[in-house]
Amino acid sequence: MMHIISQSFSSSSLHHCTLKLFSKTISSSSSKLPHYKTKSQFKWRTNHVFVQTNPLLSLLETKCKYMNQLKQIHSQMILTGIFSNVFASSRLIAFCALSEKVIHFLVSCGFLEDAYKVFDDSSVRDLVSWNSMINGYVRSGRSREALMVFEKMKMASVEPDEVTIIGMVGACGQLENLEFGRKLHSYFRDKCLYFSIPLCNALMDMYMKNGSLNEAKALFDRMDERTVVSWTIMISGFAKFGCLDEAMRLFNEMPERDIVQWNALIGGYVQAKRSKEALVLFQEMQTMNIKPNEVTMVSCLSACAQLGALDIGIWLHHYIKRHKLCLTVSLGTALVDMYAKCGHIEKTLQVFHEMPIRNSLTWTAAIGALAHHGNGHDALSYFLKMVDSGLRPDDVTFLGVLSACRHGGLVEEGKKFFTQMTTKFKIPPKSKHYACMVDLLGRAGLLEEAYELVQGVSNEADASVWGALFFACRVHRNIEMGEKAALKLLELDPGDSGTYVLLANMYVEANMQHKARDVRKMMGERGLQKTPGCSSVEVNGNIFEFFVTDKTHPQSDQIYECLIQLTGHIEIVEYFPYIRYDLLFDSNVYSAW
DNA sequence: GTCACATACC
């Protein structure tokens with residue numbers, strides 16, 4: 001037995017070893033243990049005789065490095081399908097049932113429910129078990145449960161140590177509970193306990209996640225000794241809150257760098273919608289011979305998605321294949337999203353179907369892509385498949401579903417899913433969902449129904465919802481309701497020059513020149529300028545940005561000539577019977593000014 | 001033994 005366990009578990013021999021290990025173990029204790037073949041016959045064995053005679057457990061008791069091997073066995077069990085065999089899986093858990101280590105083992109495998117069962121059942125719980133449970137929940141993003149365990153710990157009069165506090169501080173970061181985080185900080189300070197580097201890092205991270213950059217900075221400045229993690233927390237914190245100059249300053253200042261800080265910085269630029277600069281950083285990183293990893297790729301693909309930079313996106317896809325980067329769920333999803341946003345629907349679906357594992361975000365990206373491409377029915381059937389496979393849709397998924405209905409003019413389906421969203425899936429609609437529904441109803445000419453929906457929005461409809469109604473009113477020439485919507489829009493956002501322009505346009509179309517003049521006057525009095533629209537296009541890996549009536553590009557004349565030809569070729573689907581396409585396709589709505 | 005950093009759908 002000893003021999004089998006201590007030999008190395010190479011991937012080819014592991015399966016064999018695992019089976020051998022189990023058959024040996026089971027047969028070695030067969031005199032004390034009857035063979036249980038079915039679920040009902042099996043009983044949880046945790047008696048002392050079994051524990052003492054179990055060689056695996058005694059090894060676990062002495063040397064924890066076997067934990068890693070146990071983990072390997074476990075993952076092999078899942079891969080080979082043995083884990084679904086109740087007998088084998090229960091055996092594995094039973095091997096260790098009396099050991100506190102099993103809690104850590106189960107936690108590290110993500111089996112928090114099982115871990116908690118063992119934890120809850122055990123009569124003796126040491127501090128490490130408490131900490132394992134708490135940190136297990138925090139790492140899985142289940143901080144509320146971590147908090148509950150912490151409360152229980154307090155009731156059991158177990159004094160928390162530094163590791164407990166680190167876990168709880170992490171929970172405060174996730175739950176955005178700055179107040180409790182500060183309390184934990186002062187608890188440590190008041191007890192005059194030593195602030196280790198991990199504790200300082202955890203506190204800084206908590207302050208950063210709660211947006212308290214100053215408190216994080218103060219801690220950072222006071223640290224005598226810092227690790228790469230300390231620097232990373234500061235860089236990513238500043239980057240997340242858009243303080244990119246500060247992030248860059250720290251990045252340049254830090255003594256030693258690894259890939260994580262590059263990723264934090266690139267991710268910051270992408271989140272700040274400064275994707276071009278993010279890609280420049282990526283290039284810089286490569287000239288410095290730093291190997292990008294999966295996380296880098298995810299951010300860069302997201303940058304390409306924002307910019308519509310298909311060529312660079314394809315290059316990144318090749319890079320991933322060439323360098324055999326692991327196609328994680330995030331990376332696959334980022335690829336799906338990049339192809340979708342760059343308008344390459346075939347590749348979007350190909351990558352989607354090639355992915356070995358997909359989660360709800362992957363499905364959401366695909367549904368959104370199909371919706372955006374006008375394949376409304378496909379989007380809906382993907383949604384049904386997603387739900388069928390047991391994945392939970394979220395508010396973003398429903399945005400895709402509703403916009404699929406909107407683009408396809410599927411009014412009845414839209415209404416059905418909008419209702420299901422709250423009743424079946426318990427997802428409260430946000431203003432974007434309302435805006436989508438108002439748009440769907442509005443385009444179909446159901447203005448009264450749309451207006452009713454706007455009135456029914458909890459916490460008052462925001463500008464996007466009124467904007468959708470205003471658009472529908474303009475399309476269907478309902479001046480009275482359009483006026484109402486526009487005035488509401490001006491009340492909500494008096495600085496949005498677009499509303500004034502569109503309202504004036506509506507009046508002009510309705511031959512109400514005097515009212516149009518009034519609106520323009522109002523805009524002038526409020527000192528508003530029309531904001532120019534901007535779009536970008538990628539050609540041979542270069543990204544070009546164009547503003548409305550922009551003539552700065554050297555080939556401007558040819559570009560406009562091409563644009564005019566393209567506009568002439570656009571097939572107009574007669575979806576809105578009353579729409580004035582000549583006005584929509586006029587070089588821009590602002591040209592009348 | 002347990003603990004601290006970067007990533008995808010709006």
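It should be emphasised that the depicted structure is a prediction, and the values quoted were computed from it without experimental measurement.
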**Prompt:** In this structure, which one of A:Y269, A:W262, A:F238, A:W231 forms a ring pair (Phe, Tyr, Trp, His ring centres under 6.0 Å) with A:F251?
**Reply:** A:W262
**A:N293 side chain vs A:T296 backbone, donor-acceptor pair below 3.5 Å** = yes
**Approximate separation, where rounding is to 0.5 Å, of A:D337 CG and A:T348 OG1** = 8.5 Å
**Asked** Which is true for A:T227 with a 4.0 Å heavy-atom rule: it touches a base, it touches only sugar-phosphate, or it touches nothing?
**Response** base
**Request:** Report yes or no: is the cationic atom of A:R358 (NZ for Lys, CZ for Arg) closer than 6.0 Å to the six-membered ring centre of A:F352, at no more than 45° off its axis?
**Result:** yes
**Request:** Give A:N359 one of three labels, base, sugar-phosphate or nothing, depending on what nucleic acid heavy atoms sit under 4.0 Å from its own.
**Result:** base
**Asked** Does one side chain, of A:S196 or A:E162, offer a donor that lies under 3.5 Å from an acceptor on the other?
**Response** yes
**Message:** Within residues 284-296 of chain A, which residues have any heavy atom lying less than 4.0 Å from an atom of DNA chain B?
**Reply:** A:N293, A:V295
**Message:** With a 4.0 Å limit, can you tell me whether A:K240 has a side-chain N or O closer than that to the phosphate oxygens OP1/OP2 of B:dC5?
**Reply:** no
**Item:** Selected nucleotide, minimal atom distance to A:A334 side chain, candidates B:dC9, B:dA8, B:dA4
**Value:** B:dA8
**Request:** State whether A:R139 places a side-chain N or O below 4.0 Å from either non-bridging phosphate oxygen (OP1 or OP2) of B:dT2.
**Result:** no
**Request:** Look at the side-chain N and O atoms of A:Q271 and state whether any lies under 4.0 Å from the OP1 or OP2 oxygen of B:dT7.
**Result:** yes
**Request:** Report yes or no: is the cationic atom of A:K385 (NZ for Lys, CZ for Arg) closer than 6.0 Å to the six-membered ring centre of A:Y382, at no more than 45° off its axis?
**Result:** yes
